[in-house]
Structure formats: structure tokens, C-alpha cells
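Computed from heavy atoms alone, side chains included, the values below leave out hydrogens, waters and symmetry copies. Numbered from 1 within each chain, the chains take letters A, B, ... in sequence-line order. Just so we're clear, the structure is a prediction, and the values are computed from it rather than from any experiment.
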Protein chains: 4
Amino acid sequence: MARVTQTAETSGTGRPAPRHHGNRHGRSELARLAVLEAADDLLVEKGFAGLTMEGIATRAGVAKQTIYRWWSTKTDVLLDAFLQDVAEDLTVHDSGDLARDLRAHLRDVASFLTASEPGAVYKALIAQAQHDPVFAREFRSRCLDDQRRRDRLPLERAVERGELPADLDLAAETDQLMGPVYYRVLVTEESIGAEFTDRLVDAFLHRHGLTARA
Amino acid sequence: MARVTQTAETSGTGRPAPRHHGNRHGRSELARLAVLEAADDLLVEKGFAGLTMEGIATRAGVAKQTIYRWWSTKTDVLLDAFLQDVAEDLTVHDSGDLARDLRAHLRDVASFLTASEPGAVYKALIAQAQHDPVFAREFRSRCLDDQRRRDRLPLERAVERGELPADLDLAAETDQLMGPVYYRVLVTEESIGAEFTDRLVDAFLHRHGLTARA
Amino acid sequence: MARVTQTAETSGTGRPAPRHHGNRHGRSELARLAVLEAADDLLVEKGFAGLTMEGIATRAGVAKQTIYRWWSTKTDVLLDAFLQDVAEDLTVHDSGDLARDLRAHLRDVASFLTASEPGAVYKALIAQAQHDPVFAREFRSRCLDDQRRRDRLPLERAVERGELPADLDLAAETDQLMGPVYYRVLVTEESIGAEFTDRLVDAFLHRHGLTARA
Amino acid sequence: MARVTQTAETSGTGRPAPRHHGNRHGRSELARLAVLEAADDLLVEKGFAGLTMEGIATRAGVAKQTIYRWWSTKTDVLLDAFLQDVAEDLTVHDSGDLARDLRAHLRDVASFLTASEPGAVYKALIAQAQHDPVFAREFRSRCLDDQRRRDRLPLERAVERGELPADLDLAAETDQLMGPVYYRVLVTEESIGAEFTDRLVDAFLHRHGLTARA
DNA sequence: AAATAAGCGAGACGGTACGTCTTGTCTTAAG
DNA sequence: CTTAAGACAAGACGTACCGTCTCGCTTATTT
């Protein structure tokens with residue numbers, strides 16, 4: 001994630017650094033970022049089980065109470081840390097060509113999930129959502145729904161362009177495209193190559209009478 | 001799971017239960033079953049986070065040491081409990097008709113995952129596998145691989161019958177069939193009706209030039 | 001203690017209270033009294049252990065910083081609160097008759113220590129002085145020494161009147177008179193009746209050849 | 001206090017050392033002694049305010065839970081530590097001569113309270129008893145009552161020997177003897193020399209028509 | 001009238017200790 | 001040799017106060 005350090009204290013504009021330790025007009029941005037960064041780092045270093053509120057506090061140089069003031073659980077911290085990092089990571093391609101966009105998107109998602117650090121956090125959060133319905137709800141509304149919207153975007157654009165029929169059940173089609181990817185990531189842990197994702201796209205195109213691969 | 005209860009503790013004569021505290025000939029089946037049952041019950045009652053070794057021991061009327069002697073973690077206990085319960089639950093249909101078998105199988109899997117108590121345990125185990133690579137390995141070898149074999153079975157039989165070409169990539173096809181189901185269960189938590197699973201089967205059949213539903 | 005309440009906040013004219021939030025020259029008497037009163041009340045309500053700076057601030061409707069600006073510890077606040085209340089409480093009797101004055105004084109001290117609310121504060125302060133030498137010094141100079149002077153007063157007057165010899169060791173005599181009272185209060189917690197204090201006075205009178213009670 | 005170290009693990013008889021870490025048949029004597037010793041040491045080193053359960057646990061090499069299992073508060077630990085140390089410290093003199101015994105006893109008590117390490121603990125406990133009525137009760141029954149009995153012992157023996165009348169109010173007389181000593185220790189903190197305690201004894205002897213000092 | 005500067009309320013902050021909980025190990029005595 | 005019982009060291013949990021800090025408001029003087 002973006003390192004905090006000193007650069008965060010002074011905005012580029014030359015305004016004086018906030019550097020405050022909390023006051024009546026809001027929380028310390030410094031503390032907030034330090035916590036998110038510490039959580040990220042510790043998850044990678046020690047795994048989810050080794051990630052503790054105590055550890056985050058120590059690593060971040062922050063009082064435990066400061067964490068509990070703004071977050072309720074370590075999963076809550078992780079979710080914020082994740083959002084901080086990848087707000088814009090998975091931008092969807094828009095070449096105007098459905099086949100090309102879909103292939104690129106599926107490859108992106110697959111590599112994000114299997115090879116990136118935020119992908120590891122993402123998997124941990126999905127896992128935690130299985131154990132904790134309350135968190136599941138929050139995770140879905142603050143994170144998954146956005147991702148789902150991104151996954152559907154190429155199809156929506158194709159509908160707009162007239163490449164796909166307007167009455168298509170986009171949700172179901174998205175499930176068929178993304179489902180197998182998540183399945184391999186979360187359940188079978190088989191590796192996911194381009195041939196796998198491309199085949200999913202081909203099946204989709206074939207299903208809708210579009211020419212698969214040139 | 002099979003209830004242990006009193007029958008094992010009291011002989012039919014009405015004499016006080018033997019309630020043995022160990023003997024020199026191997027482990028106590030009574031203790032083993034009590035532990036598995038307690039784990040199952042507590043998972044349902046208190047959720048995964050509320051499931052503790054301490055709690056299992058107390059509920060089972062068993063010493064903690066007895067649990068640690070035979071299992072290493074609470075997830076390990078849960079896995080055994082799961083296997084004890086559902087060894088034979090998800091038997092695969094074999095009507096000789098691929099379409100019918102696939103439709104039935106996907107509905108079975110969906111309802112198992114979303115509506116049954118062992119399904120909840122199963123989801124908890126998949127979740128834990130994300131956090132713990134060691135457990136993931138064991139879970140896969142003792143549980144997931146079997147399930148994967150069952151998922152593939154209808155296709156294998158169809159290949160034997162000549163309904164499907166012999167060079168089909170069964171793994172990839174299985175992923176496309178099952179993936180969306182697990183995706184909805186684990187990620188989106190949308191409900192899964194027969195229309196959803198049937199559509200997956202139809203897509204599969206269509207993909208391979210077989211007539212989808214009349 | 002003297003209740004602050006509204007009288008201080010509203011001038012007689014009926015104009016809304018000034019309720020000032022500080023000014024450039026000097027501290028807020030309102031805040032000072034609110035703190036002392038809150039400390040007194042909380043000690044009675046929750047005991048010494050339950051008395052906290054945080055609690056005093058909340059109860060007094062005052063910022064913590066305002067307390068720390070003028071006092072260093074909760075014991076420091078308590079001492080001020082005590083002095084505010086009982087500056088004049090234990091006035092010494094002066095009838096011109098040593099026996100009568102002593103008997104009255106000992107009864108007053110005993111009932112102050114065992115039965116009054118400020119007496120409870122006083123005991124708490126003596127206790128704290130055992131734990132904290134720094135506070136002990138301040139407590140002694142700002143409070144105990146005065147009390148000790150009052151205890152000695154009847155004897156000094158008797159010396160002046162010629163009832164007692166001039167070379168009497170007043171400190172030691174005072175210790176013998178007051179010591180047993182404090183001992184019962186602080187150590188044995190036995191009840192102290194007039195027969196007990198009168199006997200102490202009788203012993204003193206007898207010791208110096210004065211007729212004890214007719 | 002008796003140092004624990006290794007000698008405590010083997011009784012002199014050659015029986016195998018307990019050295020156990022807890023079992024179903026009782027607590028660890030090793031842990032118990034380590035806690036008491038740590039509490040004693042820390043009180044001396046850091047004072048009462050600096051004495052914490054956490055600190056005791058760390059110093060004793062013991063888990064916090066082990067302390068809380070057997071004691072409820074730090075004062076509770078201190079009381080046990082005190083009793084462990086001074087069970088036999090203040091043995092009362094018995095020369096057959098009341099004057100001599102009283103003088104010796106008062107000097108002993110005075111030097112115990114003002115100059116010994118256990119005396120410091122004792123004062124801390126008396127102080128705490130002012131703040132906490134529950135502890136006060138326990139302290140009195142487990143400690144103070146014994147001491148009071150010892151203080152009365154010389155008088156009781158004198159009554160038996162016929163030196164003092166049988167109908168003497170021993171409690172009141174003891175208060176007059178000991179009260180001034182405790183008063184100086186707890187309240188005025190003046191130093192207590194032999195001339196002060198001897199004078200108390202003389203006053204007592206004089207009061208009962210016995211020849212004071214030869 | 002405007003500027004100044006101290007006291008004020010509020011409340012976030014880094015810490016420390018609290019008392020509780022669970023983990024995994026150990027010891028014991030019963031069977 | 002297994003068992004139930006349960007004490008133990010370790011360490012995280014979430015809470016409560018500590019004493020410090022920064023902030024923006026109020027207010028009484030000083031310009």
C-alpha cells in the first residue's frame with residue numbers, strides 16, 4: 001500500500017502538515033494510515049491467524065483503544081486496508097471489442113486473486129465472510145458489490161453497443177464467466193492460465209452466437 | 001450425526017454405566033464420538049468463532065488432553081465430524097441419461113451447500129482452508145478430491161456411454177458446471193434455484209451439441 | 001460541601017447565566033467548585049477506588065485538562081475538597097474548664113472521624129498518605145498540622161491558666177489523648193463511645209493529679 | 001521471606017521434589033511462593049501504586065490467571081505474603097515482669113512498624129483497609145485480631161499472676177498503650193524512640209498503682 | 001472596534017493495567 | 001496405556017483511565 005512516512009504529512013500544496021494527535025474535529029489521519037498499513041503487512045507476514053489487534057497496534061505505534069475507536073474487529077480493519085489499496089486496481093478494459101475485453105478482464109481477475117498481495121487479503125475476507133454473517137453483509141456492500149458491477153461492465157457495454165441482446169440475464173451470465181475462476185481459486189486451488197479463462201470466454205461467445213477466437 | 005447418548009453408557013441391565021476412564025486397549029470410541037458430536041453441535045449453536053477446544057471438551061465431557069491426543073486443531077476435529085456425517089450423503093445419480101443426472105446432481109449440491117447443516121460445516125472448512133495452507137492440503141486430500149470425483153462422475157459415465165467425446169477436458173468442464181454454484185454460495189450468497197442450475201446444464205449440453213431440454 | 005448549583009450561574013437579575021468558558025485573567029470559580037463537589041460526591045458514591053479523574057471531569061461537566069491544570073492527582077483534588085468543606089468544622093471548645101473541654105473535644109473528634117462524610121474523606125487521605133510520601137508531606141502541612149494544633153489547644157490554654165505545669169511535654173500528652181481514638185478508627189474499627197473518650201480524659205487528669213469526675 | 005530457589009523443591013527427607021506445574025490434586029507450591037515473594041519485592045521496589053498484578057506475574061514467572069485463580073486482588077496477595085513472612089515475627093516477651101515485658105513489647109512493635117520491611121507492608125494493608133471494607137474485614141480476621149491478641153498478652157499474664165486486678169478492661173487498656181504508637185506511625189509520622197514508648201508504659205503502671213521505673 | 005491571549009469544553013491520542021478467555025502442555029489417580 | 005480432571009505458562013481479548021495534545025470558542029483586557 002502507499003507508504004505513509006513523512007510525505008503524507010505535507011500535502012503537495014504546501015499546506016501545513018496535519019500531524020495532529022486527535023482533536024475534537026476528527027481523527028488522526030496518520031494513525032488511520034499506520035493501522036491499515038500495519039494490518040496489511042502483518043497479514044502477509046504472519047497469516048490471518050497470526051494477525052491480532054495487539055500486533056497491529058504495536059506495529060502501527062498506535063494505542064489499542066485507537067483501533068477499537070474506529071474499527072470493531074481485525075476483519076473490519078482488513079477490509080478498510082483492502083479498500084485503501086485497491087480502490088482503483090481492477091479497472092475494467094474498454095476497447096470496444098467484447099471478446100478482447102472479456103479475455104483481458106478474466107485474466108486480470110485471475111492474476112489478481114492468485115498472485116497479488118491484495119488478492120490474498122481479498123481471499124481472507126471472503127473466507128471470513130463465511131464465518132461471520134455480520135461481516136459478510138458489510139463486506140458485500142462495501143466491496144463485493146462494486147467488484148460484481150465491474151465484472152458485469154463489459155457485458156453491459158456490449159449490450160449498449162448492440163453486440164448482445166438487451167434481454168440477456170447479465171447476472172447469470174456473469175456468474176458463468178466468473179464462477180469457475182473463483183471456484184478454482186477458493187476451492188480447488190488449481191492454477192489458472194490464460195487457456196482456462198479464454199475457454200470460459202469462448203464458451204460465452206459461442207453460447208451467444210458470436211465468433212469465438214478469430 | 002449419529003447420536004451417542006445414553007445407550008452406550010448404560011448397559012441394558014440398569015447397572016450404573018461403566019463410563020470407563022480409559023483402558024489399556026486402545027482409544028475410547030465413546031470419547032471419539034462425543035467429541036465429534038460436540039463439535040458439530042457447537043458449530044451450529046455458536047458459529048465457527050465460538051467453537052473452541054475448551055468448549056468441545058466440556059460439552060463432550062472429555063478431557064482436553066484426550067482431544068489433543070487424537071486431533072491437532074479444532075478444524076481437524078470438524079473435518080472428522082464432517083466425514084463421519086456425510087460419508088455417503090452426496091451419492092451421484094445414475095439414470096443413464098446425462099442431462100437428467102447433471103440436473104439432479106447440481107440441484108443436490110446446491111441444496112447441500114445452502115440448506116443442510118453439514119453444508120454449513122463444509123463452507124466453514126473451505127473458508128478455513130483459505131487461512132491455513134496446512135489444513136487446506138489435508139482438507140483437499142481427505143474431502144475435496146472425493147467430491148471433485150463425484151462431480152465428474154456423470155461426465156465420465158457419459159463418455160463411457162459415448163454421449164460425450166473421449167478427448168473432452170473433464171476437469172475444465174466440471175469447473176464450468178460447478179464453479180458458478182460455488183461462486184454463488186461462497187461469494188455472492190445469492191439464492192440458487194433450479195432455474196439457475198438447469199441453465200448451467202443447458203449451457204453445457206448446448207456447448208457440446210446435445211439437445212437442451214425439449 | 002456548599003452546593004454550587006444555579007445561584008452561581010444566574011445573576012439575581014434573571015439574565016441567563018454567564019457560563020463563561022474561561023477568560024484571560026484567572027480561573028473559573030464555577031469549574032473549581034464543580035470539580036470539588038464532584039470529587040466529594042463520587043468518593044461517597046463509589047469509594048476511593050471508584051474515584052477517577054475521568055469520572056470527576058464528567059460529573060463536574062468539566063474538561064479533564066481543566067482539572068490537570070489546577071490539580072496534579074485525584075488525591076490533590078480530594079484534599080482541596082476536604083479543606084473547602086471543613087475549614088471550620090472542628091472548632092475547639094473553650095469553656096475555661098480543661099476537663100470539660102477535653103471531654104467535648106475528644107467526643108467531637110471521634111464523631112467526626114466515625115460518623116461524618118468529611119471524616120470519611122479524612123480517613124481516605126490518611127490512608128493515601130501511607131502509600132504516597134509526596135502526598136503525605138502536603139497533606140501534613142496543609143491539614144494534619146492544623147488539626148494537631150487544634151488537638152493541643154485545650155492543653156495549651158490550661159497551661160496558660162496554670163492548671164497544668166509549664167514544662168509539660170504537650171506533644172506526648174496529645175499523642176496519649178488522641179492516639180487511642182485514631183487507633184480505634186484506623187486500625188481496630190471498634191465503635192467509640194463517650195465512655196471510651198471520657199476514660200482517656202480521666203486517665204490524663206489522674207496522671208496529672210487533677211480530680212477526675214466528681 | 002524464605003527464598004524459594006531450588007531448596008524448596010526437595011524436602012530434607014529426600015522425597016522427590018514436587019516441581020509439578022499443577023494437577024488435579026492441588027496447586028503448585030512453587031508458583032504460590034514465587035507470587036508472594038514477587039509481591040513483597042515489588043512493593044518495596046516500586047511502592048504500593050507501582051505494584052500491579054501484571055508486574056507480580058512477570059516477576060514471579062507465572063501466568064496472570066494463576067494469580068487470579070488463588071487471589072482476587074493485589075491486596076489479597078500482599079496479605080498472604082505478609083502472613084507468610086511474619087507468622088512468628090512479633091513474639092511476645094514473657095519474663096514474668098509486667099513492666100519489663102510491656103516496655104520490650106512496645107519497643108518491638110514500634111521498630112517493626114517504622115523500620116522493618118514487613119512493617120511497610122503492614123502499613124500498606126492498614127491503609128488499604130480504609131479504602132476497602134471487604135478487605136478490611138478479611139485483614140482484621142486474618143491478621144489484626146492476632147496482633148491484638150499478642151498486644152493484650154502481657155496484660156493477661158499479669159492478671160493471671162495477680163499483678164493486675166481481674167476486672168480490668170483489657171481492651172481499653174491495650175488501646176491506651178498501643179494507640180499512641182499507631183497514631184505516630186500512621187498519622188503524625190513522628191519518630192518513636194524508647195523514651196516515648198517507656199513513657200506510655202510508665203503512665204499505664206502509674207495508673208494502676210504499680211511502681212513506675214525503678 | 002479590533003486584536004490579543006488566557007481559560008475553557010471537547011475529545012482523540014499513546015500508553016498501561018485490568019480481569020477474562022483460550023491455547024496447548026503437564027501431572028496425577030482411576031480404570 | 002487411556003482417561004477425566006484440572007493447574008499451569010503464555011498471550012490476545014476488549015475495556016477503563018491515565019496524562020498529554022490540539023482545537024475552536026468565550027471572554028476581559030489592551031491596543
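If you take OH of Y68(B) and C1' of dT2(F), they are 18 Å apart, rounded to a whole angstrom. Taking atom CE of residue M53(D) and atom C1' of nucleotide dG19(E), one finds them 9 Å apart after rounding to whole Å. In this structure, the CD atom of E29(C) is 15 Å from the P atom of dG7(E), given to the nearest Å. dT15(F) atom P lies 13 Å from atom CD of E54(A), rounded to whole Å. In this structure, K74(B) places its NZ atom 14 Å from C1' of dG24(E), rounding to the nearest Å. Atom CG of L30(A) is separated from atom C1' of dT22(F) by 14 Å (rounded to the nearest Å). Here the P atom of nucleotide dC17(F) and the CZ atom of R59(C) are 13 Å apart, to the nearest Å. The interatomic distance linking I67(C) (CD1) with dA10(E) (P) rounds to 12 Å, in whole Å.
With a 4.5 Å cut-off on side-chain heavy atoms, R27(C) and W70(C) count as touching. Between L78(A) and L51(A) the shortest side-chain heavy-atom distance falls below 4.5 Å. Contact annotation: the side chain of F82(D) approaches that of L125(D) to within less than 4.5 Å [non-hydrogen atoms, C-beta and beyond]. Contact annotation: the side chain of Q84(C) never approaches that of D80(C) to less than 4.5 Å [non-hydrogen atoms, C-beta and beyond]. With contacts defined as side-chain heavy-atom distances shorter than 4.5 Å, the pair K46(D)/T52(D) does not qualify.
Counting only distance, with no hydrogens or angles, the side chain of K74(B) and the backbone of A39(B) share no donor-acceptor pair below 3.5 Å.
Dashed line: the shortest gap from a side-chain N or O of T66(B) to OP1 or OP2 of dA4(F) is under 4.0 Å.
Between the side chain of Q65(D) and the base of dC21(E), a donor-acceptor pair under 3.5 Å is found. The base of dG15(E) lies outside donor-acceptor range of the side chain of K64(A), with no N or O pair under 3.5 Å.
For R27(C), counting side-chain heavy atoms from C-beta on, the closest listed nucleotide (dA12(F), dC8(E), dC8(F)) is dC8(E). Nearest to the side chain of R69(C), among dG7(E), dG9(E), dT3(F), sits dG7(E). Comparing dA9(F), dA12(E), dT3(F) by their closest approach to the side chain of W70(A) singles out dA12(E).
Residue-to-nucleotide proximity on DNA chain E shows that, of A31(A) and G50(D), the 5′-proximal contact is made by A31(A). If you find the closest nucleotide of DNA chain F to A60(B) and to T73(A), the one lying nearer the 5' end belongs to A60(B). Nearest-nucleotide assignment on DNA chain F puts the 5′-proximal partner with R32(B), out of R32(B) and T52(A).
Nucleic acid contact for G61(A): sugar-phosphate only, since backbone atoms but no base atoms lie under 4.0 Å from a heavy atom of the residue.
Here the straight-line distance linking atom OG1 of T75(C) with atom CZ of F139(C) works out to 11.0 Å at 0.5 Å rounding.
By the 30° and 60° cut-offs, the orientation of the rings of H131(C) relative to F48(D) is parallel.
For the helix from dA1(E)-dT31(F) to dG31(E)-dC1(F), the terminal axes (five pairs an end, C1' atoms, rotation from four pairs onto the next four) enclose an angle of 0°, given to 10 degrees.
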